[in-house]
Amino acid sequence: MLYSINLRRLKPIFRQGDRTIAPQEQERLRNSSHQRYRTDILFVFTIFTLTFTLYFCWGIVNNPESNPENVKSAFALILAIVSGLVGFVTGKAVG
């Protein structure tokens, strides 16, 4: 039961028996909850992978013993990740 704050007493907004949820609505809520969970797991995995990749690319770039071909590839990968992040942020801001 949910309550609203009242200075004199708690006032119930609605009682559990006042509102029944249809089975289709329950299934929709379960599916949306599962979809949010999957999205969150994918987001965490993606952030971890990007951080891991950027860490090693930055190590290759800063290592004086790296050959120029590896440095060039590391820069290309860093540029791809940064441009993807910029596109993601821009797409979120516009849409």
Side-chain angles (χ1 to χ4, degrees):
M1 181 179 293
L2 296 175
Y3 293 96
S4 67
I5 297 176
N6 189 345
L7 294 177
R8 297 185 184 157
R9 61 189 170 112
L10 290 176
K11 176 183 173 187
I13 296 175
F14 67 91
R15 292 185 182 81
Q16 197 70 349
D18 293 345
R19 180 173 181 244
T20 57
I21 298 176
Q24 296 88 2
E25 183 72 15
Q26 289 176 350
E27 183 67 24
R28 189 185 64 78
L29 289 174
R30 256 193 308 270
N31 287 341
S32 65
S33 174
H34 181 69
Q35 184 63 34
R36 278 192 303 273
Y37 176 74
R38 288 177 57 198
T39 303
D40 291 345
I41 293 296
L42 183 63
F43 181 75
V44 168
F45 177 74
T46 303
I47 293 297
F48 174 75
T49 304
L50 288 176
T51 304
F52 187 76
T53 305
L54 284 174
Y55 175 76
F56 279 106
C57 285
W58 194 251
I60 290 171
V61 168
N62 287 332
N63 188 1
E65 297 176 3
S66 295
N67 61 4
E69 190 67 30
N70 288 344
V71 172
K72 200 174 184 182
S73 299
F75 268 127
L77 191 56
I78 289 172
L79 180 64
I81 291 172
V82 169
S83 63
L85 290 173
V86 168
F88 176 76
V89 170
T90 305
K92 287 290 185 178
V94 171

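Every value quoted in this text rests on a predicted model; they were computed, and no experiment measured them.
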> When rounded to the nearest 0.5 angstrom, what is the spacing between OG1 in Thr53 and CD1 in Ile78?
Replying inline: 10.0 Å
> Within the side chain of Ser66, is there an N or O that forms a donor-acceptor pair under 3.5 Å with the backbone of Val71?
Replying inline: no
> Going from CD1 on Ile60 to CD on Glu65, what distance comes out if it is rounded to the nearest 0.5 angstrom?
Replying inline: 13.0 Å
>> Which heavy atom of Cys57 sits nearest to which heavy atom of Ala74, and what is that distance?
In response: O-CB, 3.8 Å
> Quick one: ring pair (Phe, Tyr, Trp, His ring centres under 6.0 Å) partners of Phe52, sequence neighbours excluded?
Replying inline: Phe56
> Can you pull the side chain to side chain donor-acceptor pair (under 3.5 Å) pairs that have at least one residue in residues 67-87, sequence neighbours excluded?
Replying inline: Asn67-Asn70
Only pairs under 3.5 Å count here: list side-chain donor-acceptor contacts from residues 39-50, not counting sequence neighbours, and write none if there are none.
unit_1	atom_1	unit_2	atom_2	d
Thr39	OG1	Gln35	O	2.8
Thr46	OG1	Leu42	O	2.7
Thr49	OG1	Phe45	O	2.9

> With a cutoff of under 4.5 Å between side-chain heavy atoms, which Ile, Leu, Val, Met, Phe, Trp and Tyr residues group with Leu79?
Replying inline: none
